[in-house]
Q: 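Here it is, the structure, as structure tokens.
Ligands are counted one by one from 1 in listed order, and the atoms in each one are counted from 1 as well. In what follows, every heavy atom counts, from backbone to side chain, and hydrogens, waters and symmetry copies are set aside.
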Amino acid sequence: MNVLGELRRRFAEALRALVDDPKPMLAQVLPTQDERFGDYQANFAMALARPLRKPPRQIAEHVVSALDVDDLCEPPEIAGPGFINLKLRREWLAEQLRRMAADPRLGISPVSQPRTVVIDYSSPNVAKPMHVGHIRSTVIGDALYRTMRFLGHRVLSDNHLGDWGTQFGMILYGYKHFRDEENYRRQPVAELSRLYKLMHQLVDYHEAMRSLEQLEQRRQTSSDPAAFQEQLQELQRRVARVAEDPQLLSLARQHPQIATAVLEETAKLHAGDPENRKLWSEFMPLCLEEINRIYQRLGITFDMQLGESFYQPMLADVVRELQGKGLARISDGAVCVFLEGFDTPMIVQKSDGAYLYATTDLATLKYRMEHFHPDAILYVVDARQSDHFAKLFATARLWGYRDVELQHISFGTVLGEDGRPYKTREGDTVALEELLDEAVAHALRVVCQVDDAKPEGRELSDDERRRVAWVVGHAAVKYRDLSHNRTSDYVFSFEKMLALDGNTAAYLLYAYARVNNIFAKGGIDPEEVRRQPAAPQLPTAEERALAVSLVRFHETLEDVLVDYRPNILTNYLYDVAQRFSRFYTNPQCRVLQAETDALRRERLTLCDLTGRTLKVGLACLGIEVVPKM
Ligand code: ARG
């Protein structure tokens with residue numbers, strides 16, 4: 001049961017006589033920040049004072065007298081200028097917990113009106129190795145997908161692969177000029193990665209050289225010498241990465257026009273050049289193999305994987321249709337959609353005839369609307385693309401797609417400890433796979449440390465420790481990302497993500513293992529507790545606090561979807577684990593050695609509910625648990 005939702009429904013009834021539309025007021029019915037004011041609080045009386053021309057306290061009294069919550073709450077209290085404080089009744093909590101414990105879905109029934117939602121996430125540009133920047137879209141999208149599914153919505157995940165862009169020009173050129181035939185035959189995926197990296201270095205060298213020349217010319221006129229020096233050093237560093245290696249340098253010198261050549265290879269691919277098309281078809285499965293290995297490690301699957309190439313045959317029609325409807329027109333030779341409120345138009349076809357990222361996205365949108373009839377399409381993409389999506393959505397509205405909810409679920413950057421985008425010491429982007437390996441290695445150290453410190457001696461075999469570390473390492477990376485407000489940047493840190501005493505996956509998995517351990521120690525099958533759960537009477541403050549948190553699981557999941565923020569769920573799970581820890585470490589709350597048999601069963605029910613809430617909650621975030629840790 002969604003408790004907050006239920007309370008808001010009750011308040012809506014009580015408000016009906018006072019206001020025409022109670023909805024805006026209901027947003028001010030919320031869980032309290034401070035337990036002293038009860039469990040929930042309604043603050044709207046102050047906002048109503050002016051329109052109703054009555055003192056807020058009087059309004060609060062009026063609402064309370066019309067409010068029917070006796071079955072759920074103690075008699076409401078009015079505090080201060082007109083806050084309405086609600087405290088859940090102990091008997092109601094007990095019965096609620098009993099019902100949750102008996103239900104495999106913890107009392108969370110699927111929504112009665114499921115929405116159809118397409119989520120576009122991960123969507124890497126293939127042909128280059130996945131790097132740390134890809135983690136955010138992948139795990140945030142996956143968490144939203146799983147949460148919506150659990151709540152009963154019809155969700156379709158689509159990995160909108162970048163499989164048609166310049167990066168193919170890079171490997172096409174690389175393949176034609178630098179491939180190691182032997183290596184390509186034996187390890188094609190590794191060889192393509194090597195080629196991409198090499199190409200990237202050579203292109204970057206020439207680009208940095210050109211910028212360096214331009215900068216030198218401005219030396220005399222530069223007004224900020226410090227900034228000038230910094231720019232200079234950065235460019236020199238980029239040049240040095242190639243220049244320090246005689247072999248690389250000689251390659252770079254033999255290919256001075258490499259950047260233009262890459263664009264030409266891409267253009268040839270798009271124009272249907274048979275050789276490039278054939279190579280593209282040969283490379284694609286290799287590129288997919290590369291990214292699928294990472295998805296497999298992360299436990300990520302997609303319902304669809306329709307990349308940019310899939311939409312190429314539809315682009316001409318999209319442009320024609322927009323022109324036909326008078327939405328797009330030619331300006332400076334390019335086909336543009338001019339949009340109110342934007343400084344620049346959205347270009348859908350360049351003067352040389354080439355289509356753009358935006359054109360593909362328009363075709364994708366049309367395709368999704370026609371094939372899936374979604375109520376919402378969510379794009380989980382980097383904040384740097386917000387202008388693109390604002391224009392895309394504005395165009396979609398003009399095009400006639402008015403009712404669908406279109407959302408750019410944007411997110412910030414992963415930073416290094418120096419506060420800059422996370423890079424290797426050499427300044428390269430960090431390969432995702434290496435980062436995951438390192439997280440697992442750190443996790444193994446933590447797991448060993450925890451296991452060695454157990455009072456009865458170590459519990460896990462070497463093999464088990466490795467298996468646990470594998471789960472914990474991957475969980476830590478995901479959780480660290482999800483636990484931050486998605487719109488902020490965050491600092492990547494192995495230390496922090498694997499800390500056992502904070503808002504981390506390690507802490508939550510450890511709490512889960514502790515619950516399991518109680519059952520193992522007592523030789524109790526949790527299934528048996530679930531078959532005949534006791535209604536916990538909550539004699540101590542710790543038990544009540546835990547119980548209140550447990551009954552909030554449903555409303556928390558719904559809350560995640562209000563603004564598509566998985567960190568609402570991570571905060572919640574952390575709260576549950578902390579409250580469990582306070583309960584579990586309190587000598588007055590012994591579980592297996594409880595004073596009476598009844599109390600023991602009630603506490604076992606609480607423990608089981610805690611474990612399952614953690615497990616289901618983490619599953620909604622795409623994180624597995626381990627039975628022992
Ligand atoms: N491939 C793009 C990139 O790496 C992201 C695509 C996001 N999805 C979309 N429909 N535009 O920047």
Side-chain angles (χ1 to χ4, degrees), residues 117-142 144-145 155-171 196 200 266 269-270 280 283-284 287-288 290-292 294-295 300 302-312 314-315 318 337 346-348 355-372 374 376-396 399 401 404-414 421-422 429-432 486 564:
V117 183
V118 174
I119 321 189
D120 176 324
Y121 62 94
S122 198
S123 312
N125 294 333
V126 299
K128 46 182 175 184
M130 275 174 97
H131 58 81
V132 62
H134 292 113
I135 194 80
R136 299 220 71 182
S137 172
T138 308
V139 305
I140 295 170
D142 186 55
L144 294 174
Y145 175 78
V155 203
L156 292 163
S157 56
D158 187 6
N159 191 9
H160 186 74
L161 294 173
D163 58 1
W164 202 241
T166 327
Q167 73 278 20
F168 275 99
M170 296 270 264
I171 50 172
Y196 182 82
H200 184 73
T266 315
L269 170 70
H270 291 175
W280 181 85
F283 295 157
M284 265 311 281
C287 298
L288 292 180
E290 168 81 12
I291 61 171
N292 282 338
I294 294 195
Y295 290 139
I300 308 266
F302 298 95
D303 297 318
M304 296 174 277
Q305 195 147 275
L306 301 178
E308 292 176 3
S309 65
F310 176 79
Y311 299 98
Q312 293 315 300
M314 308 169 203
L315 302 185
V318 166
V337 180
M346 181 155 97
I347 306 174
V348 292
Y355 300 108
L356 296 100
Y357 184 54
T359 329
T360 310
D361 254 330
L362 284 166
T364 309
L365 191 117
K366 183 180 162 86
Y367 182 87
R368 288 175 178 159
M369 290 308 295
E370 285 172 0
H371 285 79
F372 313 121
I377 307 177
L378 314 181
Y379 299 82
V380 189
V381 187
D382 196 311
R384 282 170 295 190
Q385 295 192 24
S386 56
D387 189 58
H388 164 72
F389 284 107
K391 285 179 178 162
L392 177 69
F393 299 165
T395 305
W399 206 5
Y401 299 115
V404 62
E405 174 191 346
L406 298 172
Q407 292 278 1
H408 174 202
I409 312 294
S410 80
F411 52 79
T413 310
V414 183
Y422 189 53
T429 51
V430 180
L432 193 46
R486 63 174 165 79
Y564 305 106

Q: Return the closest protein heavy atom for atom 6 (C) of ligand 1 as residue, atom name and distance.
A: Tyr357 OH, 3.2 Å

Q: What residues, two or more places apart in sequence or in another chain, satisfy side-chain contact (heavy atoms from CB on, under 4.5 Å) together with Ala431?
A: Glu434

Q: Could you check Val117 against Tyr145 for side-chain contact (heavy atoms from CB on, under 4.5 Å), going step by step and ending with a plain yes or no?
A: CA-CA 9 Å; Val117 183; Tyr145 175 78; over 6 Å; no

Q: Would you please indicate yes or no on a ring centroid separation below 6.0 angstrom for Phe302 and Tyr121?
A: yes

Q: What about Arg368: any of its N or O atoms under 3.5 Å from an N or O on ligand 1?
A: no

Q: Provide, to 0.1 Å, the distance between atom 12 (O) of ligand 1 and the closest protein heavy atom, together with that atom's residue and name.
A: Gln385 NE2, 2.9 Å

Q: Is Asp120 paired with Arg368 through a side-chain N to carboxylate O contact shorter than 4.0 Å?
A: yes

Q: Describe, in one word, how the ring planes of His160 and Tyr311 are oriented to each other, choosing from parallel (under 30°), tilted (30 to 60°) and perpendicular (over 60°).
A: tilted

Q: Record the part of Asp361 in heavy-atom contact with ligand 1 below 4.0 Å; permitted values are side chain, backbone, both and neither.
A: side chain

Q: Please state which part of Tyr311 comes within less than 4.0 Å of ligand 1, counting heavy atoms only: side chain, backbone, both or neither.
A: neither

Q: Taking only heavy atoms of His160, which atoms of ligand 1 are found under 4.0 Å from at least one of them?
A: 8 (N), 9 (C), 10 (N)

Q: For residues Trp280 and Asp163, report the shortest heavy-atom separation together with the two atoms involved.
A: NE1-O, 2.9 Å

Q: Any non-hydrogen atom of Phe389 lying under 4.0 Å from ligand 1?
A: yes

Q: Using a plain distance cutoff, I'd like to know if Glu308 has any nitrogen or oxygen under 3.5 Å from a nitrogen or oxygen of ligand 1.
A: no

Q: Run the numbers for me: atoms of ligand 1, each under 4.0 Å from some heavy atom of Asn125, listed by number.
A: 1 (N), 2 (C), 3 (C), 4 (O)

Q: Looking only at protein heavy atoms, which one is nearest to atom 8 (N) of ligand 1, and what is the separation?
A: Asp120 OD1, 3.1 Å

Q: So with a 6.0 Å cut-off around CD1 of Ile347, is the heavy-atom count from everything else above 12?
A: no

Q: Within a radius of less than 6.0 Å around NE2 of His200, do more than 12 heavy atoms belonging to other residues, nucleotides or ligands occur?
A: no

Q: Any nitrogen or oxygen of Tyr379 lying under 3.5 Å from a nitrogen or oxygen in ligand 1? Just yes or no.
A: no

